[in-house]
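These numbers were taken from a predicted model, which means no experiment stands behind them.
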Amino acid sequence: MMRQLLALLIGLLVLLPVYAGTASAMVSAETIRRQLAQDTDDTGNQSAQVRLKHFYAQRDYQPAWIISNQYQPILDTALSFIARADEEGLDISNYSSAHLQQLHASPEGETGLALELGVTRSLLALAQDLYSGQLSATAADPDWHIPQQKFDSVTFLQQALTQNNLQQAFADLAPSMPQYNALRRLLMKLRQLAAAGTHWTQIPEIASAIRPNSTHPAIPLIRQRILEAHAAYTKAEYALTTAESEWYDHELEAAIKTFQQQHGLNPDGIIGRHTRRALNTPLEKQIQKLRINMERLRWLPRNFGDRYVLVNIAGFYLTAIEHHTPVLDMRIVVGRDYRSTPSFNSRVSHLVLNPYWNIPNSIARQDLWPKQKKNPDYFASQGIRVFSSYRYEFELDPDGIDWHAVERRFPYALQQAPGNLNALGNIKFMFPNPFSIYLHDTPSKSLFQKDIRTYSSGCIRLEKPFQLAEFLLGRSLEDANITQQVDSGKTRTVHLPKRVPIYLVYITAWSDEQGDVRFSSDIYGRDKRALAHARWPEPAQLSQSY
């Protein structure tokens with residue numbers, strides 16, 4: 001009997017290592033302490049090693065996932081979070097998910113200690129990246145000047161384990177804004193299409209724009225592309241009933257207008273150069289666009305305030321938000337490519353009615369001086385005055401200056417008087433910033449009908465300036481006496497009762513009030529630059545921005 005019992009015990013001991021719940025390497029406070037003491041940074045990420053050591057030092061080197069050499073149930077939760085990092089648009093290779101899964105599944109070998117430390121290292125990195133971004137904002141986009149969020153992933157993970165709420169804690173890390181969640185849902189859907197081998201139909205070069213109620217041999221391909229858009233976005237307008245006809249009918253026109261609106265184009269139904277380029281955006285590039293914009297949303301503050309103004313530079317749109325609800329939106333004009341508008345945040349402090357335009361030297365030298373040389377009456381016709389310096393004390397007669405003999409550094413200061421010709425219109429909105437950027441009215445209203453609205457010198461031109469004034473002042477124009485003051489023609493400064501936060505951001509994928517994702521072109525190439533910096537694995541090559 002004793003011999004049979006001994007044989008049974010030996011058999012059980014042999015079977016123990018194959019159970020998934022057993023770690024095959026001894027994990028203890030002492031082994032963790034010794035390992036961390038001898039570990040040097042071999043990953044090129046010194047901060048990750050510092051966080052790892054800090055985490056275990058805080059808990060007196062006690063293990064978190066493998067206790068008494070037994071895998072804890074929470075280990076599966078941790079590995080699941082790491083395995084789903086790509087759902088957040090992050091580069092999953094940064095978290096060693098496949099390697100950790102191998103360690104977890106290994107039936108033999110000294111893997112327990114490596115698994116314990118590896119899971120902690122990856123979770124600390126994942127928590128950090130989910131909250132404040134995987135990339136350094138200023139390194140990925142040198143034109144981004146909004147402070148990136150600080151986050152203490154060590155304290156976060158310790159508290160999540162202490163309070164036994166790891167799952168909820170990680171669920172709350174990513175931005176909770178509807179825009180982020182909409183991009184996340186679409187990213188997962190497009191990745192499923194890509195994994196199934198989907199490639200969107202490409203539309204060949206079109207000699208001239210295709211207009212509704214006409215025929216064109218490219219129409220069947222366009223119909224196919226719209227049906228592919230329906231599979232991706234499930235918009236009712238994309239569910240065409242005819243797939244082969246070359247006739248551009250009303251059903252296709254409605255679908256094209258919806259597509260144009262979704263891609264930041266004027267919904268006129270005319271299939272021209274910009275619409276064709278939007279149709280030809282590859283699926284892989286759309287995926288990358290979602291990823292880099294989710295990353296930008298992680299860079300932003302989690303609390304914008306109760307009332308704020310959001311300027312989407314790439315989307316050519318301004319939105320005023322009150323208590324999480326958009327109450328005003330309008331089209332805008334932003335800086336030309338060589339005078340691109342940067343991303344930054346500030347607070348609107350005051351309005352200037354009937355403003356003078358103190359013309360920057362670069363604009364005076366590059367844009368206006370050549371016009372004056374061609375037409376000696378140009379400055380006078382535009383209400384532009386010439387001064388000896390930017391103190392605007394001594395005015396000069398433009399007729400007394402030989403404009404062809406002026407040196408390239410352009411030694412004069414130009415100022416445009418208030419009036420119908422003034423480039424700033426009737427009102428400008430001021431907020432402190434080092435870029436001399438402000439929002440303003442404009443007499444050039446026709447520019448708001450353009451698809452790509454990059455016509456300014458860096459400042460933002462507004463489609464509805466007086467509606468924005470009402471939002472900022474918190475009362476009607478009549479109550480604030482704005483209309484009467486503008487009609488007087490005199491320059492007036494109106495201070496806001498309370499400064500209002502403003503954020504100028506470069507976002508090329510976002511969601512509207514219905515939760516539908518919209519896209520815009522990468523007008524300044526900042527998507528391309530940031531993705532090149534990120535070196536994310538898909539796609540290997542980025543095509544030119546449309």
Short side-chain to backbone donor-acceptor contact, R336 and Y455, under 3.5 Å | yes

Would you mind checking if D143 and R526 are paired as a salt bridge, meaning a charged N to carboxylate O distance below 4.0 Å?
-> yes

Looking just at side-chain N and O atoms, do E295 and W536 make a donor-acceptor pair shorter than 3.5 Å?
-> no

To the nearest 0.5 Å, atom CG of N422 lies from atom CD of Q382 at 10.5 Å

What's the spacing between S488 OG and N354 CG if we round to 0.5 Å?
-> 5.5 Å

Stepwise side-chain contact (heavy atoms from CB on, under 4.5 Å) check, F471 with Q467 | CA-CA 6 Å; F471 170 80; Q467 288 91 324; over 6 Å; no

Lys/Arg-Asp/Glu bridge criterion (N-O < 4.0 Å) met for D367, R339 | yes

Tell me yes or no: between the side chains of Q149 and R302, is some donor less than 3.5 Å from an acceptor?
-> no

Taking N358 for the side chain and Y390 for the main chain, is one N or O donor matched with an acceptor at less than 3.5 Å?
-> no

Would you say the side-chain atoms of T454 pair up with the backbone N or O of D337, donor to acceptor, closer than 3.5 Å?
-> no

Under 6.0 Å between the ring centres of W403 and F379?
-> yes

What's the spacing between L477 CG and F466 CZ if we round to 0.5 Å?
-> 7.0 Å

Reported CG-to-CG distance for the pair L496 and L473, which is rounded to 0.5 angstrom | 5.5 Å

Would L310 and V505 count as a side-chain contact (heavy atoms from CB on, under 4.5 Å) if you check the C-alpha gap in whole Å, the side-chain angles of each, and the deciding distance to 0.1 Å?
-> CA-CA 7 Å; L310 185 66; V505 297; 3.9 Å; yes

Would you indicate whether N420, at its atom CG, is surrounded by more than 12 heavy atoms from other residues, nucleotides or ligands within a distance under 6.0 Å?
-> no

Are F156 and F170 close enough that their ring centres sit under 6.0 Å apart?
-> yes

Under 3.5 Å, is there a donor-acceptor pair between the R121 and Q49 side chains?
-> yes

Are the side chain of D141 and the backbone N or O of A530 linked by a donor-acceptor pair below 3.5 Å?
-> no

Can you give each donor-acceptor pair under 3.5 Å made by side-chain atoms of residues 430-443, sequence neighbours left out, with the distance rounded to 0.1 Å?
| from | atom 1 | to | atom 2 | distance (Å) |
| --- | --- | --- | --- | --- |
| N433 | OD1 | F435 | N | 2.9 |
| N433 | OD1 | S436 | N | 3.0 |
| N433 | OD1 | I437 | N | 3.1 |
| N433 | ND2 | F431 | O | 2.8 |
| N433 | ND2 | I437 | O | 2.8 |
| D441 | OD1 | K445 | NZ | 2.8 |
| D441 | OD2 | N426 | N | 2.9 |
| T442 | OG1 | S444 | N | 3.1 |

CD1/I292 to CZ/R296 distance, rounded to the nearest 0.5 angstrom?
-> 5.5 Å

Side chain Q416, main chain G383, donor-acceptor under 3.5 Å | no

For Y506 and D522, does a side-chain donor sit closer than 3.5 Å to a side-chain acceptor?
-> yes

Looking at N312, T341, L504, which hits side-chain contact (heavy atoms from CB on, under 4.5 Å) with V334?
-> T341

Over 12 non-hydrogen atoms of neighbours within 6.0 angstrom of CD in E407 | no

Verify whether one side chain among D268 and Q260 offers a donor that lies under 3.5 Å from an acceptor in the other.
-> yes

Salt bridge check: are D86 and R291 linked by an N-O gap of less than 4.0 Å?
-> no

Determine yes or no for a side-chain-to-main-chain donor-acceptor pair under 3.5 angstrom, with D512 supplying the side chain and D516 the backbone.
-> yes

E237/K235 salt bridge by N-O under 4.0 Å criterion = no

In terms of side-chain heavy atoms, does R277 have a donor or acceptor partner in N280 at a distance below 3.5 Å?
-> no

Hits for side chain to side chain donor-acceptor pair (under 3.5 Å) against D152, two or more places apart or cross-chain, chain-then-number order -> T155

Could you check if a side-chain atom of L130 sits within less than 4.5 angstrom of a side-chain atom of L90, using non-hydrogen atoms only?
-> yes

Give a yes or no answer on whether the side chain of R499 reaches the backbone of R347 with a donor-acceptor pair at less than 3.5 Å.
-> no

Over 12 non-hydrogen atoms of neighbours within 6.0 angstrom of CD in Q167 = no

Look at the aromatic rings of F151 and Y131 and report parallel, tilted or perpendicular, splitting at 30° and 60°.
-> parallel

Should the heavy atoms of other residues, nucleotides or ligands under 6.0 Å from NE2 of H323 be counted, would the total exceed 12?
-> yes

Do Q262 side-chain atoms and V517 backbone N/O form a donor-acceptor pair below 3.5 Å?
-> yes

Does one side chain, of E463 or Y317, offer a donor that lies under 3.5 Å from an acceptor on the other?
-> no

What class does the angle between the rings of H263 and F259 fall in, given that below 30° is parallel, 30 to 60° is tilted and above 60° is perpendicular?
-> parallel

Any sub-3.5 Å donor-acceptor pair from Q485's side-chain atoms to N481's backbone N or O?
-> yes

Hey, does the side chain of S343 reach the backbone of W144 with a donor-acceptor pair shorter than 3.5 angstrom?
-> no

